[in-house]
Amino acid sequence: QVQLVESGGGLVQAGGSLRLSCAASGRTFRLYTLGWFRQAPGREREFVAAINWTGNNTYYADSVKGRFTISRDNAKNTVYLQMDSLEPEDTAVYYCAAQRSIELLRSLRNYWGQGTQVTVSS
């Protein structure tokens with residue numbers, strides 16, 4: 001069994017920052033790619049960012065490039081999402097995800113966390 005647990009969501013004003021964390025446990029062997037997705041009410045779940053095992057390959061949605069930074073701590077089996085210059089459009093439930101490759105991660109057929117709410121006020 002694989003379990004992903006997110007934390008760090010909350011309410012922040014536009015222009016502020018939040019840092020999300022996701023700790024993975026269980027049978028995480030070969031789940032080399034970790035990432036973040038988000039889903040606003042009435043909208044489809046969308047890709048936000050991903051990172052490979054070594055951390056030297058990162059991927060970002062165009063909407064968050066230059067504002068969000070994904071990183072990981074393999075000793076803690078944890079992935080982070082540093083969110084700066086937040087905008088009201090970033091308001092969504094953010095989900096942690098794990099897969100064997102970036103290709104599979106983007107397919108949405110992932111192990112998922114429970115989600116954490118991020119709300120950005122104008």
Side-chain angles (χ1 to χ4, degrees):
Q1 182 181 2
V2 174
Q3 186 167 2
L4 306 173
V5 180
E6 300 104 327
S7 62
L11 174 65
V12 65
Q13 291 185 319
S17 298
L18 285 173
R19 182 170 60 195
L20 306 182
S21 300
C22 173
S25 61
R27 295 184 177 182
T28 59
F29 180 66
R30 297 184 67 180
L31 296 180
Y32 302 121
T33 303
L34 298 172
W36 293 91
F37 292 73
R38 66 187 183 186
Q39 188 168 20
R43 300 190 64 182
E44 297 293 322
R45 189 168 299 188
E46 65 175 348
F47 171 77
V48 175
I51 188 168
N52 72 329
W53 171 255
T54 61
N56 59 348
N57 288 328
T58 57
Y59 310 85
Y60 297 96
D62 289 341
S63 59
V64 306
K65 286 181 179 178
R67 300 188 298 118
F68 291 10
T69 303
I70 189 170
S71 62
R72 65 191 296 167
D73 184 340
N74 290 339
K76 297 181 179 180
N77 216 11
T78 299
V79 62
Y80 305 92
L81 185 68
Q82 177 67 43
M83 304 184 293
D84 299 320
S85 301
L86 282 163
E87 304 168 351
E89 292 75 19
D90 297 316
T91 296
V93 176
Y94 283 70
Y95 296 91
C96 180
Q99 257 294 0
R100 297 185 179 185
S101 69
I102 181 64
E103 179 182 47
L104 290 173
L105 192 80
R106 296 291 295 266
S107 76
L108 300 179
R109 292 178 290 183
N110 307 315
Y111 294 98
W112 296 101
Q114 83 287 352
T116 185
Q117 177 71 47
V118 172
T119 303
V120 184
S121 62
S122 60

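Just so you know, these numbers come straight off a predicted model, no measurement behind them. Position 1 is the first residue of the sequence; numbering continues from there.
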Heavy-atom pair with the smallest gap, counting every atom of Ala24 and Leu4 = CB-CD2, 3.4 Å
ask   = Do Leu105 and Tyr59 belong to the same hydrophobic cluster, where Ile, Leu, Val, Met, Phe, Trp and Tyr are linked whenever their side-chain heavy atoms lie under 4.5 Å apart, directly or via other members?
value = yes
query = Please, which pairs that meet disulfide bond (SG atoms under 2.5 Å apart) have at least one residue in residues 62-122, sequence neighbours excluded?
reply = Cys22-Cys96
ask   = Is Asp73 reaching over with its side chain to a backbone N or O of Thr78, donor-acceptor style, under 3.5 angstrom?
value = no
Side chain to side chain contact (heavy atoms under 4.5 Å, CB included) between Val118 and Met83, worked out = CA-CA 10 Å; Val118 172; Met83 304 184 293; 3.9 Å; yes
query = Are Val64 and Trp36 joined in one hydrophobic group, where the rule is that I, L, V, M, F, W and Y side chains link up if heavy atoms are under 4.5 Å apart?
reply = yes
query = Got a donor-acceptor contact below 3.5 angstrom from the Asn52 side chain to the Gly55 backbone?
reply = yes
query = Is there a donor-acceptor contact under 3.5 Å from the side chain of Thr58 to the main chain of Ile51?
reply = no
task = Return the set of residues passing ring-ring contact (aromatic ring centres under 6.0 Å, His included) with Phe37 (not counting sequence neighbours), or none when no residue passes.
result = Phe47, Trp112
key: Interatomic spacing from CD in Gln117 to OG1 in Thr91 - rounded to 0.5 Å   = 7.5 Å
Same apolar cluster: Tyr95 and Leu108, side chain cutoff 4.5 Å = yes
note = Between Gly115 and Val93 the two heavy atoms that sit nearest each other are CA-CG1, 3.8 Å
ask   = How close do Leu34 and Ala98 get, heavy atom to heavy atom, and via which atoms?
value = CD2-CB, 3.6 Å
remark   = The complete set of salt bridge (charged side-chain N to carboxylate O under 4.0 Å, His left out) pairs with one or both residues in residues 18-33, sequence neighbours excluded, reads none
inquiry  = Using 0.5 Å steps for rounding, measure from the CG atom of Leu31 to the OH atom of Tyr111.
reply    = 6.0 Å
request  = Could you list who else is in Tyr32's hydrophobic cluster, with ILVMFWY side chains joined at under 4.5 Å, directly or through other members?
outcome  = Trp53
key: salt bridge (charged side-chain N to carboxylate O under 4.0 Å, His left out) contacts touching residues 98-116 (sequence neighbours left out)   = none
query = Is there a donor-acceptor pair under 3.5 Å between the side chain of Tyr60 and the backbone N or O of Ile70?
reply = yes
task = Determine yes or no for a side-chain-to-main-chain donor-acceptor pair under 3.5 angstrom, with Asn110 supplying the side chain and Gln99 the backbone.
result = no
inquiry  = Distance check, rounded to the nearest 0.5 Å: Gln82 atom CD versus Ser21 atom OG?
reply    = 9.5 Å
Nearest atoms (heavy-atom pairs only) where Ser71 meets Val79 = O-CG2, 3.2 Å
note = To the nearest 0.5 Å, atom CD of Gln13 lies from atom OG of Ser122 at 9.0 Å
note = Between Val12 and Gly16 the two heavy atoms that sit nearest each other are CG2-CA, 3.8 Å
message = If hydrophobic clusters are built from ILVMFWY residues whose side chains come within less than 4.5 Å, do Val120 and Leu20 share one?
response = yes
task = Keeping to residues at least two apart or across chains, list the side chain to side chain donor-acceptor pair (under 3.5 Å) pairs with something in residues 39-51.
result = Arg38-Glu46, Gln39-Arg45
remark   = To the nearest 0.5 Å, atom OH of Tyr94 lies from atom CG of Leu18 at 9.0 Å
ask   = Closest approach of Ser17 and Asp84, non-hydrogen atoms and distance?
value = OG-OD1, 2.8 Å
